[in-house]
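Letters A, B, ... mirror the listed sequences (proteins, then strands); counts begin at 1.
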There are 2 protein chains.
Amino acid sequence: MAVENQDLRKAGLKVTLPRVKILQILESSDVRHLSAEDVYRALLDAGEDVGLATVYRVLTQFETAGLVIRHNFDGGHSVFEVARGEHHDHMVCVESGKVIEFHNDEIEALQEQIAAEHGYELAGHSLVLYVNPLK
Amino acid sequence: MAVENQDLRKAGLKVTLPRVKILQILESSDVRHLSAEDVYRALLDAGEDVGLATVYRVLTQFETAGLVIRHNFDGGHSVFEVARGEHHDHMVCVESGKVIEFHNDEIEALQEQIAAEHGYELAGHSLVLYVNPLK
DNA sequence: TTGGGTGCAAATTGTTTGCAATTGT
DNA sequence: ACAATTGCAAACAATTTGCACCCAA
């Protein structure tokens, strides 16, 4: 039995075919950030007969379970990526749509500091850099 | 003639009643970040008969003209705020929903630097801190 | 067996668009 | 006068939900 199944069980989710398949797609895709539609099409390409509604339901359950992270980059739709423990932020190339991940301890620390200066505790954050290739 | 009208003309927009009213609402509201619906309801409350579609059209025109800034905080809908020249980021209290503005040159500089390190030029960014009040 | 899970179609939500009527300039 | 602008309703896109059927435990 594959590793994913343990993850699903641990999350209190029954190990069903759609859930396993979706998790596999998220984990095996070389593009790490996929929209619900992307996952749906990947399923169809793989010959799996799963409804789009199910994809949305499952992705939301995965998010709740902490298995995936949902991002709301510019432009309406959400994208999902498998959670791998270490936190990182994103850079999106406005020209190609390519998503690059990065992490910067200094920025992370400054955020904590700023929140504290205002009498708050940092609960989370969203940082997205929109960039263009240097000529 | 009010100041707003100059702004509208400068933006190449005819000075029409809906546009003037919407600009006034954005400028006079004590809550600085309003959704299209918020603006629409404010118009109705003020007895103005403006269509929701017009609110969306006008807000988009204002954004293009640089008069307002559109934000996509968590949760589907966009919010707008009047642009006042100086750039700033946002902190959202997850408990109260309150929005606090802040600015940090160090973070701004780090962003440019990170983009450059990856061979990109920073075109824009979105930074939102989700925070909780310190006990 | 049986309650959770799924597919499908219909419903929602936020936003955009076509078009005829209206209004600044 | 004339093009820009608006209102309304219909069109859209992304996502959610109701419900009868299905299947993992």
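Atom C1' of nucleotide C:dT13 and atom NE2 of A:H77 are separated by 17 Å, given to the nearest angstrom. Whole-Å rounding puts the A:Y40 OH to D:dA13 P distance at 16 Å. To the nearest angstrom, P of D:dA13 lies 14 Å from CG of A:L52. Rounded to whole Å, atom C1' of D:dC22 lies 13 Å from atom CG of A:D49.
Between atom CG of residue A:N5 and atom CG of residue A:L23 there is a gap of 8.5 Å, rounded to the nearest 0.5 Å.
Non-hydrogen atoms lying under 4.0 Å from DNA chain C are contributed by nothing in residues 66-73 of chain A.
The hydrophobic cluster containing B:L127 also includes A:M91, A:I100, A:F102, A:I107, A:L110, A:I114, A:Y120, A:L122, A:L127, A:L129, A:V131, B:M91, B:I100, B:F102, B:I107, B:L110, B:I114, B:Y120, B:L122, B:L129, B:V131, under a criterion of side-chain heavy atoms closer than 4.5 Å among ILVMFWY residues, counted directly or through chains of members.
A salt bridge does not link A:E27 with A:R32: none of the charged nitrogens is closer than 4.0 Å to a carboxylate oxygen. Under a 4.0 Å N-O distance rule, the pair A:R70/A:E81 does not qualify as a salt bridge.
The phosphate of D:dT15 (OP1 or OP2) has a side-chain N or O of A:Y56 nearer than 4.0 angstrom. Note on B:R19: every side-chain N or O is 4.0 Å or more away from OP1 and OP2 of D:dA4.
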Handout entry: Base versus backbone protein contacts along nucleotides 18-25 of chain C [heavy-atom cut-off under 4.0 Å; B, S, -]
Key = B-----BS
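Nucleic acid contact for A:S78: sugar-phosphate only, since backbone atoms but no base atoms lie under 4.0 Å from a heavy atom of the residue.
Aromatic rings of B:H90 and A:H125 (six-membered ring for Trp) have centroids beyond the 6.0 Å cut-off, not under it.
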